[in-house]
Amino acid sequence: MTAVAVWSIVLTPGQKETIVPQADLQIKNAALGEKLSDESGRTTVKLTYINPAKIDDDEEDEEEQQSAEDEITTVLCSLTAGKIEQSACDLVLESDEEYTFELIGKNTVYLYGNYIDQNANQPPYDSDMDSDMSDEEAYKLDDVSSDVEVHPDELQGLEDDAERFEELSDLAEDEPKAEQPKPSKRPLDDAMDTDEQPAEKVSKKKKAKKQKGEDGKAIPVATEEKAVEPKGEKGEEKKADKKDKKKQKGSEEKKGGASKELAGGVKIRDVKTGDGKVAKNGARVSMRYIGKLQNGKVFDQNTKGKPFTFKLGTGDVIKGWDIGVAGMQIGGEREIIVPPAMGYGARKMSDIPANSTLIFEVKCLEIK
């Protein structure tokens with residue numbers, strides 16, 4: 001939580017003061033003024049605000065009119081001249097909501113505090129860009145690309161599966177094909193049983209050796225030369241086929257599924273589907289991520305060392321993350337596009353310009 005600017009207001013008896021903070025507001029102190037209308041009386045500061053549950057209902061049905069039952073009135077503090085003339089407060093008022101202050105008593109009261117930025121030091125921004133590289137080497141990812149990288153140990157299972165499929169493929173290719181019967185060159189009348197064919201071939205070879213020409217010299221027997229296929233050629237074709245299959249599989253995994261639009265305009269696209277436990281509100285999730293602007297500039301990342309851990313759905317992170325990470329499984333990789341309203345809004349955050357759309361490439365490591 002970071003103080004952005006000073007805020008103050010003067011409350012006058014008999015007048016209600018209604019405010020709508022443009023940013024989150026923290027009230028820190030209430031004090032009586034230097035001039036007292038009642039030197040012994042007590043003055044009470046009352047605060048009226050809309051029931052948060054009713055705010056959610058109004059978003060779903062804007063046609064319903066606000067009633068007195070939707071408002072909640074509480075006492076911020078009571079000040080008595082000469083006894084308690086000031087009171088420390090620690091009250092945060094959310095931006096763009098309506099709040100009404102009222103005094104019960106005769107003395108003027110001054111309230112002061114600060115406009116604050118509750119997301120300034122919250123991940124995924126300013127999480128651990130310069131984290132210790134030696135911590136938790138099991139999570140180390142080297143040479144990070146534009147996509148979230150996978151630890152080599154996590155690829156072991158996939159490589160084993162690929163080798164098994166390749167072995168099956170090799171066995172299928174090496175399996176001898178059934179020989180098709182060759183058409184007989186002899187007339188059908190001279191056809192003989194298969195048992196007698198070897199003997200016939202032997203006799204033909206002997207006759208061929210004994211044939212002589214008119215001059216008494218033996219006639220050389222013509223033999224058919226079979227074309228010998230180079231041994232290395234078939235192996236190279238197999239390797240090329242395997243490489244093509246691996247490239248095709250890799251491109252399909254990288255492409256991922258179709259993009260989906262969730263609440264608040266948050267868009268997600270699953271690059272890789274995980275397995276096991278599903279991330280739900282209240283669960284503690286450990287993540288790797290790369291945060292980029294629409295022009296491709298990286299403004300924050302967690303790819304090495306200790307992973308970023310937070311409690312899902314409790315406001316520990318920007319709203320776009322609470323919505324975008326929900327539903328992921330361990331080992332899953334996802335692209336999350338966060339519109340300004342679900343990120344840092346109109347506030348400029350160091351390397352993040354105001355009203356920026358944020359793009360996160362995330363990977364879920366653990367869910368508890």
Side-chain angles (χ1 to χ4, degrees), residues 1-122 263-264 281-282 311 313-319 322 341-342 345-347:
M1 183 183 298
T2 302
V4 177
V6 177
W7 172 90
S8 65
I9 190 173
V10 180
L11 303 181
T12 304
Q15 295 182 5
K16 292 184 178 181
E17 294 289 345
T18 300
I19 64 170
V20 179
Q22 298 304 306
D24 291 346
L25 173 63
Q26 182 183 27
I27 299 176
K28 304 184 74 173
N29 194 77
L32 294 175
E34 56 183 2
K35 294 182 180 181
L36 300 175
S37 300
D38 185 355
E39 296 183 356
S40 61
R42 185 178 70 166
T43 302
T44 300
V45 182
K46 298 176 67 177
L47 171 64
T48 301
Y49 60 94
I50 300 174
N51 187 344
K54 296 298 181 181
I55 294 175
D56 295 337
D57 294 341
D58 290 343
E59 290 178 357
E60 298 177 359
D61 187 3
E62 296 181 355
E63 296 180 359
E64 292 184 3
Q65 295 182 352
Q66 183 176 326
S67 64
E69 297 178 356
D70 298 340
E71 297 181 346
I72 297 176
T73 300
T74 187
V75 173
L76 181 61
C77 64
S78 293
L79 305 175
T80 303
K83 294 182 180 180
I84 303 174
E85 295 195 350
Q86 68 174 357
S87 175
C89 304
D90 187 9
L91 176 65
V92 176
L93 307 182
E94 293 186 356
S95 61
D96 300 326
E97 301 296 340
E98 185 176 298
Y99 302 91
T100 301
F101 294 97
E102 182 182 5
L103 293 182
I104 305 298
K106 298 179 180 181
N107 292 322
T108 301
V109 175
Y110 291 78
L111 301 181
Y112 79 85
N114 296 100
Y115 287 107
I116 59 173
D117 185 356
Q118 300 193 72
N119 295 320
N121 298 322
Q122 285 189 356
N281 287 345
K311 194 171 184 180
T314 60
D316 286 352
V317 292
I318 57 177
K319 294 179 181 179
D322 274 336
M342 305 303 285
R347 298 188 296 273

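Leu11 CG to Asn107 CG: the interatomic distance, rounded to the nearest 0.5 Å, is 12.5 Å. The CG atom of Leu93 lies 6.5 Å from the CG atom of Leu47; values are rounded to the nearest 0.5 Å. Distance check, rounded to the nearest 0.5 Å: CD of Gln86 to CG of Asn29 gives 5.0 Å. Of the inter-residue distances, the one linking Glu39 atom CD with Ser37 atom OG reads 9.5 Å to the nearest 0.5 angstrom. In this structure, Asn114 CG and Tyr112 OH are separated by 8.5 Å, a value rounded to the nearest 0.5 Å. Rounding to the nearest 0.5 angstrom, the gap separating the CG atom in Asp316 from the CG atom in Asp322 is 7.5 Å.
A heavy-atom distance below 4.5 Å is found between the side chains of Tyr99 and Glu94.
For Ala30 against Leu111, the heavy-atom pair with the smallest separation is CB-CD2, 3.3 Å. Heavy atoms only, all atoms of each residue included: Ala81 and Leu36 are closest at CB-CD1, 3.6 Å. For the residue pair Thr44 and Ser78, the shortest heavy atom distance occurs at OG1-OG, 3.1 Å. The shortest heavy-atom contact between Arg347 and Asp117 is NE-OD1, 3.5 Å. Here the shortest heavy-atom pairing between Thr43 and Lys106 reads OG1-N, 3.8 Å.
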Practice problem: Evaluate the side chain to side chain contact (heavy atoms under 4.5 Å, CB included) criterion for residues Leu32 and Thr108: first the C-alpha distance (whole Å), next the side-chain angles of each, then the deciding distance (0.1 Å), finally the verdict. | Solution: CA-CA 6 Å; Leu32 294 175; Thr108 301; over 6 Å; no
Taking only distance into account, with no hydrogens and no angle test, what donor-acceptor pairs under 3.5 Å do side-chain atoms of residues 14-28 form with protein atoms, sequence neighbours excluded?
from	atom 1	to	atom 2	distance (Å)
Thr18	OG1	Thr100	OG1	3.1
Gln22	NE2	Val20	O	3.2
Asp24	OD1	Ser95	N	3.0
Asp24	OD2	Gln118	NE2	2.9
Gln26	NE2	Asp90	OD1	2.8

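Residue-environment remark: CD1 (Ile84) stays at or below the threshold of 12 foreign heavy atoms within 6.0 Å.
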